[in-house]
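Below, chain A is the first sequence line, B the second, and so on; all start at residue 1. Since the model is a prediction, treat every value here as computed from it, not as a measurement.
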Amino acid sequence: MAGNLQLTPEGKLKHFLTIEGLDKSLLTEILDMAESFAGMSDQQVKKVPILRGKTIVNLFFENSTRTRTTFELAAKRLSADVLSINIATSATSKGESLLDTIRNLEAMFVDMFVVRHALSGAAHFIAQQAAPHIGVINAGDGQHAHPTQAMLDMFTIRRIKKDFAPLKVAIIGDILHSRVARSEIIALNTLGAAEVRVIAPKTLLPAYVETLGVKVFHDLKNGLNDVDVVMMLRLQKERMSSALLPSESEYFKCFGLTGDKLKYAKPDAIVMHPGPINRGVEIDSKVADGPQSVILQQVSNGIAVRMAVMAMVMHPHGVSV
Amino acid sequence: MNKIQITGGRLVDPTNGIDRTGGVYIADGKILSVAARPDGFDADFTLDAAGQIVCPGFIDLSARLREPGQSRKGTFKSETRAAASAGFTTLCLQPDTVPVIDTPAVAELVRELAEKAGYPQIHPIAALTQKLDGTELSSMLSLQRAGCIAVGHANRPVKNLLILRRAMEYAASHDLLLMFRPNDFWLGNNGCAHEGVLATRYGLPSIPEAAETIALAQCLELAELTGCRVHFGQLSCKRSVLKIRQARNDGLRVTADVAMHQLHLTENDMIPFDSAYHVLPPLRTEADRQYLRTGLAAGTIDAIVSDHQPHDLDAKLGAFPETEPGISALETVLPLLLKLADDGALTLSEGIAALTSKPAQILGLGRGALTPGLQADVCIFDPASVWTIDEANWKSQGVNTPFWGQTMKGRVTHTLQAGRLIHSPA
């Protein structure tokens, strides 16, 4: 349903809410478009006029520095006017409903909302309620989806590994609460990765996780065996105290990625992490900063991918870069 | 003397084993005779029910009318109008009103509001604990004397099993019926969807079946310990039905019901993030739905309820987890009942029993049948009438139903409550 909501009758992006329902060709189009933006970072003038005259509102109901900043940079490089609203001090904290916030911003003639919200389905709800000319991009909703993060990870993988077909990918950590994991799994399966694995204790895995199209492992070494891509997830420290895990040290011992454990993966395996990193909790610093880590490339690629998505949503009939 | 005759309809009365064409003769609010016209009966009013089904008025064991306290969602006037138009002649009101039904004064207020709405057969369920906060027992006996038909705790948690035990002991000592919706608050973990494939895919906080079955098992143990009569409400999964069956085999005095929508919808029917499908207990699996139907046909589940919960628009406008659970359900009960019969899940007579005689037995009410001498609560419906669920046909103030816009078959034409016509074609 979300898939239908986010596509025009011609099958182009109207909103970008989830990877679900998008086919391989559309995901590839996003990656190709991002590729055309990727070189811009090296240019003296890091700007194109694709969204000149458009107003984009970053509506972050939940804290995020990395995602908000890259969205903001992406919008500015497309020459859009950007407004980032600090929700903590906005009208919603005075009791205004989500819908009223949207209606008020609509009345200010904005063109796009980039939404992050703590509840699953929030971006979907905003897309349903917003005026027809407004595009909505999901920058993470609850435990549901984080599609631009998934696409920037796909972009990073494609740049390094070229082809998804032979790849075995392991996603490690808090799958249960991770919107990133859900979007990554769907994206990898849509793009035809050979195998997607999840590695976590049962407390951090949702029921019926295998129905998402993954193989389940509770042992890091077995799960890492022969994989091409290792995706670490942030382990929210606050969850340590809610009977999900006994302690940081035990988690690190069992599921923390160290140089020794990484050896079970293929020698040329890449290590990814959506950030922010908890060093010594889910990943050892030597690995995070090591030669196989592509964590900072992910951050850089985030700008190009978000530019691509914004451009495609605002110009569903095509963009010439 | 007010005399009414209903003629030419197909009479379906499970209690008396009637399923044949005939008349119903009513005098002074009571059934005088069924099938045979009494000698010298001179009707003041005749209802021609040719081509229609005449059955006892429906009895709902679980409804919210939103008054007192939340009239923006529904009022006694609007919701009893909806109930009458749907063939319901008796409603049990859950105690989670504002304020909760935990004092005789609130119970009396409910009775007054019911009288004022012209629909006196609303039976409040008393709160088991004060303010439904799960810690202090309510004045159950006083509440019973003020007109409460049973005690219950709506969807709220009781603080611990000792308090539940004490409450059940106290209820048992006055032979009060406990109407209990089994749900372990902690295992429910503030979820909004069944812990299954859909919740996993869409990242919705989820509620496992165990939240229901563990609470059910605990309450069954306490029922055995305390001797309290318990009616388990709104079961949603197969394992609950199995537990009830076992308890009955063990000789426990327990009964159970299921909400009509649980017999039709599963998690697979949910349109992702559509708050119309946000219900508690959540929509579960196809296997659960099938087993609920089987349990109903086998009599393990006694009754069907509407679990009517009208909401205002704002309550359902938002991200799915933050919307309020519940369906405005009274008006879809009959068409969904007929669909159950069409599907072969149970006979029409069994379905009508689950909405009439069986809930009457659970409550100890002398209603739910077309027996001479009983008050004339009658529902007349056209099983072939096709209608669309939309503004033009809807009576409830709450339009929160996943069936909105759908075309259904089966429409109530007349409802009589104690011989008084409370619904008829406009």
Side-chain angles (χ1 to χ4, degrees), chain A residues 1-6 17-21 61-62 92 97-103 115-129 138 140-146 175-183 185-186 198 205-214 216 242-244, chain B residues 72 184 186-213 237 239 266-278 282-288 311-325 402 404-405:
Chain A
M1 198 62 192
N4 295 340
L5 179 66
Q6 65 184 346
L17 309 174
T18 171
I19 304 290
E20 183 158 20
F61 295 87
E62 204 183 51
T92 52
S97 75
L98 176 58
L99 195 53
D100 283 332
T101 303
I102 299 304
R103 292 274 178 267
V115 181
R116 167 167 285 199
H117 200 285
L119 294 174
S120 302
H124 185 96
F125 172 71
I126 290 171
Q128 277 180 322
Q129 297 294 329
N138 185 3
D141 63 327
Q143 304 169 21
H144 171 225
H146 197 347
I175 314 291
L176 176 65
H177 300 98
S178 177
R179 51 195 171 212
V180 174
R182 282 176 178 77
S183 291
I185 291 165
I186 300 170
V198 292
L205 287 171
Y208 308 100
V209 66
E210 67 283 354
T211 61
L212 296 176
V214 295
V216 181
S242 61
L244 288 168
Chain B
R72 70 182 187 281
D184 184 279
W186 296 105
L187 279 173
N189 199 21
N190 294 317
C192 61
H194 168 62
E195 186 173 290
V197 175
L198 181 124
T200 292
R201 177 160 292 269
Y202 293 101
L204 292 171
S206 61
I207 304 170
E209 287 170 23
E212 179 172 306
T213 55
C237 57
R239 290 192 295 126
T266 70
E267 60 170 348
N268 295 332
D269 296 307
M270 290 176 72
I271 296 169
F273 306 125
D274 183 344
S275 61
Y277 293 86
H278 186 183
L283 300 173
R284 299 207 186 267
T285 66
E286 177 59 23
D288 290 314
H311 281 298
D312 54 333
L313 285 177
D314 289 340
K316 289 287 189 182
L317 266 181
F320 190 91
E322 71 178 344
T323 58
E324 292 183 47
W404 196 255

| said: Test side chain to side chain contact (heavy atoms under 4.5 Å, CB included) on A:Gln128 and B:Phe273; report intermediate values, then the result. | reply: CA-CA 11 Å; A:Gln128 277 180 322; B:Phe273 306 125; 5.9 Å; no
| task | Given side chain to side chain contact (heavy atoms under 4.5 Å, CB included), test A:Thr18 with A:Arg182 step by step and report yes or no. | result | CA-CA 9 Å; A:Thr18 171; A:Arg182 282 176 178 77; over 6 Å; no
| said: side chain to side chain contact (heavy atoms under 4.5 Å, CB included) for B:Phe320 and A:Leu119? Distances and angles first, verdict last. | reply: CA-CA 8 Å; B:Phe320 190 91; A:Leu119 294 174; over 6 Å; no
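Distance check: A:His117 NE2 to B:Glu322 CD gives 5.5 Å after rounding to the nearest 0.5 Å.
Chosen from A:Ile175, A:Thr211, A:Val209, the residue pairing most often with chain B at heavy-atom distances under 4.5 Å is A:Thr211.
Residue A:Tyr208 touches chain B through both its backbone and its side chain, counting heavy-atom pairs closer than 4.5 Å. Looking at A:Ile185, there are no atoms closer than 4.5 Å to chain B (heavy atoms on both sides), in backbone or side chain. Interface residue A:Leu99: only side-chain heavy atoms are found under 4.5 Å from chain B. Within the 4.5 angstrom heavy-atom criterion, no atom of A:Arg179 approaches chain B.
Partners of B:Glu209 under the salt bridge (Lys or Arg N to Asp or Glu O under 4.0 Å) rule, at least two apart in sequence or in another chain, are B:Arg239. For A:Glu210, the salt bridge (Lys or Arg N to Asp or Glu O under 4.0 Å) criterion is met by no residue, not counting sequence neighbours. The side chain to side chain donor-acceptor pair (under 3.5 Å) search around A:Asn138 returns A:Asp141, not counting sequence neighbours.
At a heavy-atom cut-off of under 4.5 Å, chain A is reached by no residue from residues 187-194 of chain B.
The shortest side-chain heavy-atom distance between B:Asp274 and B:Pro402 does not fall under the 4.5 Å cut-off.
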